[in-house]
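For ligands, and for the atoms within them, numbers begin at 1 and follow the listed sequence. The figures here come from the full heavy-atom set of this structure, side chains too, leaving out hydrogens, waters and symmetry mates.
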Amino acid sequence: MCLGSGRRWRLWRRCAEGLPRISSGCTGERKQTIGGASSGAATTQTRLAVAFGRRVLWDLGLGLVWRAREANRVVKVAEKMTGVVIDGKETAAGIRKEVKRQVQALEEKYGAEAGTPGLATVLVGSRTDSATYVRMKHKACAEVGIKSIQRQLPEDITQEALLEVVRALNQDPLVHGILVQLPLPSHINEEAILAEVALEKDVDGFHPLNIGKLAMKGRQPLFVPCTPLGIMELLRRHNISLAGKHAVVLGRSNIVGMPVAMLLVKANATVTVCHSQTTDLPGIVKQADVLVAAVGRAEMVKADWIKPGAVVIDVGINSKDDPSSKKGYRLVGDVAYDECASVASMITPVPGGTGPMTIAMLLQNCATAASRTLGAST
Ligand SMILES: Nc1nc2c(c(=O)[nH]1)N[C@@H](CN(C=O)c1ccc(C(=O)N[C@@H](CCC(=O)O)C(=O)O)cc1)CN2
């Protein structure tokens, strides 16, 4: 077999390095941003490859066989590169447009009064973060044409009175989705309140039956919690495959950690859930092809915890003192973003990552709830 010198050289390099091909698009500090449904190939990462005693054999076509052994050769390809930013804000904006079209179609089919999806939010007490999230939800509803009503209740409301509010919303035919903002005050039994929400209106997916089905093989919940669903949608829309991958989830909360772990298992990933009693957290995180950080500890995950090329999903929203900002603080995630972005292949920012997706998924669940109810009643 006769090989041209260019082809021979390429063959030798492939054999000797034993490396995956490095994208020619890698450009030092350049940041690539991907939003919407476009695909995001990993373009940058630091690579260290060690090739021991690789055999390179080729025929020069002159009857001469060259046998080359590369012994203890270190191929070091170290590049300072930056992972692709998964833009949750842009992806969520695309989903809001889709929901808006869905709402218009429902109104055309069932009329403007009966056909408009309705969401009821229930806010107990005066936590400023909860009030902000509820306000954001109402604003997003208005943007896509979902009618929303709010039940603002005092901090000291009794369990029974709160149950009555939920029961009344269950009976309201113009309300297709009910959301009880969490956390609730400590004297309220959260489990009992969430269990009272009508199953077909459980747009937060926290009803015990929906969570139970999520945890079971071959069962489908009516609704899936919004942040975990948003994470899966971000991964799907960015063509990140999960089958056979090792996914590590930091945190075991009912709102994010546990349900996202169940969704990852259903997507055929091998999942490790880490928590406050986990030993050697950095060592476990280092094994993750996909990392979901949801512990609520500012910038806990450092660059040397990340496996080169991993996909990093940051769910943390923590405020950090920042005298240079107008407010005196800024929001940061659970991941030390700048340093981790240079090791990961793809990463979500905070703000602008999973947060906007949470609200987009709520709108989507609400439109689905209305569509099912209206379809069932005709
Ligand atoms: N009943 C529920 N309660 C809570 C949920 C939930 O899904 N259902 N999740 C969280 C809070 N949450 C929604 O309620 C939520 C958190 C953050 C964001 C968001 O868009 N964050 C922005 C930054 C916002 C800011 O500037 O403060 C971002 O990340 O870009 C949306 C929703 C707990 N409770």
Undergrad: Is the shortest distance from a Lys or Arg side-chain nitrogen in Glu299 or Lys320 to a carboxylate oxygen in the other one below 4.0 Å?
TA: yes

Undergrad: Near Leu331, which atoms of ligand 1 are under 4.0 Å from a heavy atom of that residue?
TA: 23 (C), 25 (C), 26 (O), 27 (O)

Undergrad: Looking at Asp322 and Arg330, does any basic side-chain N land under 4.0 Å from a carboxylate oxygen?
TA: yes

Undergrad: Return the closest protein heavy atom for atom 4 (C) of ligand 1 as residue, atom name and distance.
TA: Gln181 NE2, 3.5 Å

Undergrad: State whether Arg167 and Glu164 are salt-bridged, where the test is any N-O pair (Lys NZ or Arg NE/NH1/NH2 against Asp/Glu carboxylate O) under 4.0 Å.
TA: yes

Undergrad: Which of the atoms in ligand 1, numbered in the order shown and given with their element, are less than 4.0 Å from a heavy-atom of Pro351?
TA: 28 (C), 29 (O), 30 (O)

Undergrad: To the nearest 0.1 Å, how far is atom 30 (O) of ligand 1 from its closest protein heavy atom, and which atom is that?
TA: Gly352 N, 2.7 Å

Undergrad: Report the part of Met136 (side chain from C-beta onward, or backbone N, CA, C, O) that has a heavy atom under 4.0 Å from ligand 1; answer both or neither where that applies.
TA: side chain

Undergrad: State, with a plain yes or no, whether a side-chain heavy atom of Pro228 is found less than 4.5 Å away from one of Met361.
TA: no

Undergrad: Any idea which atoms of ligand 1 are less than 4.0 Å away from a heavy-atom of Asp204?
TA: 1 (N), 2 (C), 7 (O), 8 (N)

Undergrad: Where is the nearest protein heavy atom to atom 9 (N) of ligand 1: which residue, which atom, and how far?
TA: Ile255 CG2, 3.9 Å

Undergrad: Using a 4.0 Å cutoff against the non-hydrogen atoms of Val180, which atoms of ligand 1 qualify?
TA: 1 (N)

Undergrad: Heavy-atom distances under 4.0 Å are what count here, so tell me which part of Ile359 touches ligand 1: side chain, backbone, both or neither.
TA: side chain

Undergrad: Do me a favour and list the nearest non-hydrogen protein atom to atom 14 (O) of ligand 1 with residue, atom name and distance?
TA: Lys137 NZ, 2.6 Å

Undergrad: Of the side chain and backbone of Leu182, name the one, both, or neither that has a heavy atom under 4.0 Å from an atom of ligand 1.
TA: both

Undergrad: When you compare the side chains of Gln150 and Thr121, does any donor N or O come within less than 3.5 Å of an acceptor on the partner?
TA: no

Undergrad: Answer with side chain, backbone, both or neither: which part of Val350 has a heavy atom less than 4.0 angstrom from an atom of ligand 1?
TA: neither

Undergrad: Evaluate Thr270 against His246 for side-chain hydrogen bond (donor to acceptor under 3.5 Å, both in side chains), listing each step before the verdict.
TA: CA-CA 5 Å; Thr270 303; His246 187 183; over 6 Å; no

Undergrad: At their closest point, which heavy atom of Leu234 faces which heavy atom of Gly353, and how far apart are they?
TA: CD1-O, 4.3 Å

Undergrad: What protein heavy atom sits nearest atom 16 (C) of ligand 1, and how far off is it?
TA: Tyr133 CE2, 3.3 Å

Undergrad: Among all protein heavy atoms in this structure, tell me which lies nearest to atom 19 (C) of ligand 1, with the distance rounded to 0.1 Å.
TA: Gly355 CA, 3.4 Å

Undergrad: Could you state the interatomic distance from CG (Leu199) to CG (Asn170), rounded to the nearest 0.5 Å?
TA: 10.5 Å

Undergrad: Begin with the C-alpha distance, continue with both residues' side-chain angles, and end with the deciding distance and a verdict on side-chain hydrogen bond (donor to acceptor under 3.5 Å, both in side chains) for Thr348 and Thr354.
TA: CA-CA 7 Å; Thr348 59; Thr354 59; 5.8 Å; no

Undergrad: Among all protein heavy atoms in this structure, tell me which lies nearest to atom 21 (N) of ligand 1, with the distance rounded to 0.1 Å.
TA: Ile317 CD1, 3.6 Å

Undergrad: Linking I/L/V/M/F/W/Y whenever their side-chain heavy atoms sit closer than 4.5 Å, directly or via other members, would Phe206 and Tyr133 fall into one cluster?
TA: no

Undergrad: Side chain or backbone of Thr132 under 4.0 Å from ligand 1, or both, or neither, by non-hydrogen atoms?
TA: neither

